[in-house]
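In what follows, a structure is listed as structure tokens, so that the remarks can point back to it.
Letters go in sequence order (proteins before strands), and every chain restarts at 1. FYI, side chains are in, hydrogens and waters are out, and symmetry mates aren't considered; it's all heavy atoms of this structure. This structure is a prediction, so every number in the text was calculated from the model and none was measured.
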2 protein chains.
Amino acid sequence: MATDWKQRAQAKRDSVNALIPKEHLLEKIPSVEEQRDVTGKYIQQFLTDREIEITETTADDIVKRTVRGIWSAVEVTKAFCHRAAIAHQLVNCLHEIFFDAAIQDAQKLDDYFAEHKTPIGPLHGLPVSLKDQFHVKGVETTMGYVGWIGTFQGKTGTGKEKFVESEMVRELRDLGAVLYCKTSVPHSLMSGETANAIIGYTTNPKNRNLSCGGSSGGEGALIGLKGSPVGFGTDIGGSIRIPAAFCGLYGIRPSTGRMPYEGMANSMDGQNSILSVVGPLATSVASLRLLMKSLLSQEPWLHDPLVHEIPWRYEQQRKILELTGAIGDASKVGKLAFGLLEHDGVVAPTPPIRRALEIVKKSMVDLGHEVIEWKPPSHQRIVDVGFKTWAFDGGEDIHGALGLSGEPPIPQIALYGDKAIEQFKASEIAAVNVTIRELRKEYMEYWNSTKELTGTGRPVDAVICPAAPFPAARPEKYHYYGYTTFVNLLDYTAVVVPVTTVDKEVDKLDESFEPASKIDKACYESYDPAVYDGAHVSLQLVGRRLEEEKMLAIAEYISSTSRELNSAAV
Amino acid sequence: MATDWKQRAQAKRDSVNALIPKEHLLEKIPSVEEQRDVTGKYIQQFLTDREIEITETTADDIVKRTVRGIWSAVEVTKAFCHRAAIAHQLVNCLHEIFFDAAIQDAQKLDDYFAEHKTPIGPLHGLPVSLKDQFHVKGVETTMGYVGWIGTFQGKTGTGKEKFVESEMVRELRDLGAVLYCKTSVPHSLMSGETANAIIGYTTNPKNRNLSCGGSSGGEGALIGLKGSPVGFGTDIGGSIRIPAAFCGLYGIRPSTGRMPYEGMANSMDGQNSILSVVGPLATSVASLRLLMKSLLSQEPWLHDPLVHEIPWRYEQQRKILELTGAIGDASKVGKLAFGLLEHDGVVAPTPPIRRALEIVKKSMVDLGHEVIEWKPPSHQRIVDVGFKTWAFDGGEDIHGALGLSGEPPIPQIALYGDKAIEQFKASEIAAVNVTIRELRKEYMEYWNSTKELTGTGRPVDAVICPAAPFPAARPEKYHYYGYTTFVNLLDYTAVVVPVTTVDKEVDKLDESFEPASKIDKACYESYDPAVYDGAHVSLQLVGRRLEEEKMLAIAEYISSTSRELNSAAV
């Protein structure tokens, strides 16, 4: 068994790659030196003009055409299958390919439209990619574990293998979406990079020196290459926001209880102190809204016991639209108020991130909005407590999954050591839960207190902050997760917004920088203008709990306020 | 220390009783044989006609007068203080008395009204009683533990003793409520009877052979005697519904995340697999609605991290009002659909409970509503898993609290043995959490499936079921909690509705009964028509998660459908 896992991984890899249509195979994959950036013109060379037109349309614009029968579901699906196949060859972003089933599903949608002259739902004919935690009929779920190949979540003989579908998959199908591939993850999901023994390492399509992010890294890389218009990831410590940020996408980490996680594979399932949540990544904010709004129209609270009965609230969006003058009369126009977190007190952001903060700050100030310094309760404390929850079981779940095949853990999950250690006991977990509640209360009251500082009569509407200290992590150099994990501990809503790209001539090293700690030093030293040149630089907008509609409206507004911001996404 | 606890308990008891105004002391407390029922005419003899008028007005009707300045806050407060003082002497229902502070607060409200000609809020001048888990400035919280006397939740030197207030206390004050007493609980809160070393045993005012219920037992007894118009209890396994049912009150167990628990004392705080929730008990459904609606107007989600941003939804209520013809036009009138759970498959209800089920069923069928048999997934499994969560810490928290004084556990919490045992570890807790989620999913889909059976086009609107196998427990005979605990595990909304009273001539023993188990036998044998004669008989209406508005509307409707139902509450 000690070496057997390599062969099993290879066999799985081969079987997936064998599903790429022969005519879509590339003759040669360029080295990073030859071709750092494989997005845009590079990938376009393998596609027809029509395929480019379709795949470079955002999800919200695609459905405007598919629900009216202007574009057929089959044509749209085939275009994305082709581009996804190319993307996978360039950056290793797929775990599962089921193009044939997708095209059959798309044909059924076209038949339905031909017969009824009406779409099956608001996502009629829209291809949607899924992180490899979703169960899809006829398709395996490995979550990157060699030991899960040929099983249902590591178990054999359950009768569920390739048979069950996750709740959200059912809802997406009912809405008319077309499912066609599942995307890569780091095994265990507990990493901001994406690597496993089956597909190797998923690189960042915009700059292949860098990671595409994780754990929903395959989503980031695939959508970054426009091999998918929109896809779903999950986030327990940043796993939606990190790949969105690294790949120049919009991505939302909803609060717990908003989107249905029911029936998905997971790590450490049942740890309920900090829950993983599911949410979309896409090339426009409108696409994120389309997906969330459509799913909520399915009343997921009737099928997922963890979802709250909170329908899509246009009211939250309307207030932002009125304040920013997009709708309503002049009497309703007002200021937005932002908190700006330039440094979380633990690790300093690298130069390109600092520049991005300045860009957004300036854009808001220039338009008359209020930007105040965000001086929250200690993020160090928050981050420390968060990490405890992920270590409750001492690594039993993860080492159990690795042990099924004998494969070693990837170096990116060093947190779990090389074997399981002693677990937390009930009273220790309870104490952590009490601390989490206390930290949430403290942060909440700090947020409330900003009402006195904004001049708007309201506390700040959103906090502008980094999603990571760097634009993207370099392989095995993801030293600090605090900029995303604090959001998970607080269960806040957070949206990633692309801001700019690294310019090695502008984003130079800050020679005067004095690190405050070893980790601060390591993060800073991982930044190298030459290596990072061209990479996406994104930020995070953090709202309070269950403010999804409001935060998407703010993200959309910010992205519309300058040509640079507007064109920062892929 | 081994006997010291008795003296400390006695001293505390004496110090509380010393706060009863001398003129309100009773000369003699009758024995049960002399006076089984101390409600109604019995307690009225100690009050003036005006006091009776005030204290026998429901909370919703009181505020109609106080917010208009028709009744003064001081007069209302004094009347309830007097009646509460009598009630306490009759049934031992108070832990803390702060009448003087209450009258001062009421005076401030009257002054405010005199000056501004407007009330301070929708609860202006309304006395509200609180279970002894709420922290109130200037007042102790013992939760029935001798070891907590003179401490803050068992700890000394925190600076919080008699200083902090729970979040809901702050909100109640802001709404204009007057706080005047805290009510008795069983130490540990983990019992459906109310007993502790400080106040002894709280009896049922309607039939002092019986328990008032627990753990919010003091609330049940006090409101049952109309010593309070409305009060707050908490519920992790039935602790609001049990005293409501036993004392002939309406009570609601909201789903988690609806009402603010922030800053309250609790047992096993941080156990977050099945959370305790807080909710009101009162003598009318309208009173429950008034309190919940008023609290939600305070946006508790901005001050309690566990509360969801779900404002009061009139829409849910409106649909029930339309279906039942209370509002809207004839085209909107329709049928309600109920599931009837006559037996949970574990323990048979005793004869009076069976009769109550028949009364409500007949009432609904006579009015044309649909009543189908409720055949849910195994309640035995649900109940078994629920109990595990309460044993996660092996009794460490409870025995720790008892150990502070050396007092022994009351026999009603035998679940926790006489000392702490081995705790659950993280992976075991996670496995329980997964099972809970699976059970919720299974029950949810069963509920969905009833859409095919009701003929209304909807699944059942509510399940009618017992709240306990018996009308009230006899001391130390509470053998089965499954009828309430299944609701906690499923996190459903449940409202208790009084239905009738025991008539020993009608509710005779069923000689043909054959118990299915030892526990079934024990519950059945605890019922004795002679002992129970006159006791309240109530039922439970169970709705889905977060359906508080809907369930209150249904409860109000059912209670209005016959004179018997309408007059069943105290």
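- Counting heavy-atom pairs closer than 4.5 Å to chain A, the top-ranked of the candidates V432(B), D304(B), T435(B) is D304(B).
- At a 4.5 Å heavy-atom cutoff, the contact between Q316(B) and chain A is made by side-chain atoms alone.
- The contact between W301(B) and chain A is made entirely by backbone atoms, counting heavy-atom distances below 4.5 Å.
- Residues I436(A) and T389(A) have side chains in contact (heavy-atom distance under 4.5 Å, counting atoms from C-beta outward).
- Between F387(B) and I274(B) there is no side-chain heavy-atom pair separated by less than 4.5 Å.
- Around atom CZ of F163(A), no more than 12 heavy atoms belonging to other residues, nucleotides or ligands sit under 6.0 Å away.
- Ranked by heavy-atom pairs under 4.5 Å with chain B, the list L306(A), I310(A), N433(A) is led by N433(A).
- In this structure, the portion of N448(B) lying under 4.5 Å from any heavy atom of chain A is its side chain and not its backbone.
- Comparing Q271(A), E438(A), M268(A), R313(A) by heavy-atom pairs within less than 4.5 Å of chain B, the highest count is held by R313(A).
- Put simply, the side chain of Q423(B) gets close to the backbone of A426(A): a donor and an acceptor are under 3.5 Å apart.
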Subject >> Candidate pair E165(B) and R170(B), rule salt bridge (Lys or Arg N to Asp or Glu O under 4.0 Å), full reasoning >> reply: CA-CA 7 Å; E165(B) 297 213 315; R170(B) 184 188 69 73; over 6 Å; no
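- Here the side chains of M259(A) and M168(A) are in contact, with some heavy-atom distance below 4.5 Å.
- Contacts of E167(A) with chain B are made by side-chain atoms alone, with heavy-atom separations under 4.5 Å and no backbone atom involved.
- Among K425(B), E396(B), H303(B), the residue with the largest count of heavy-atom pairs under 4.5 Å with chain A is H303(B).
- The most heavy-atom pairs under 4.5 Å with chain A, out of E309(B), K441(B), R440(B), come from K441(B).
- Proximity of the aromatic rings of Y416(A) and W390(A) is defined here by a centroid distance below 6.0 angstrom, and this criterion is not met.
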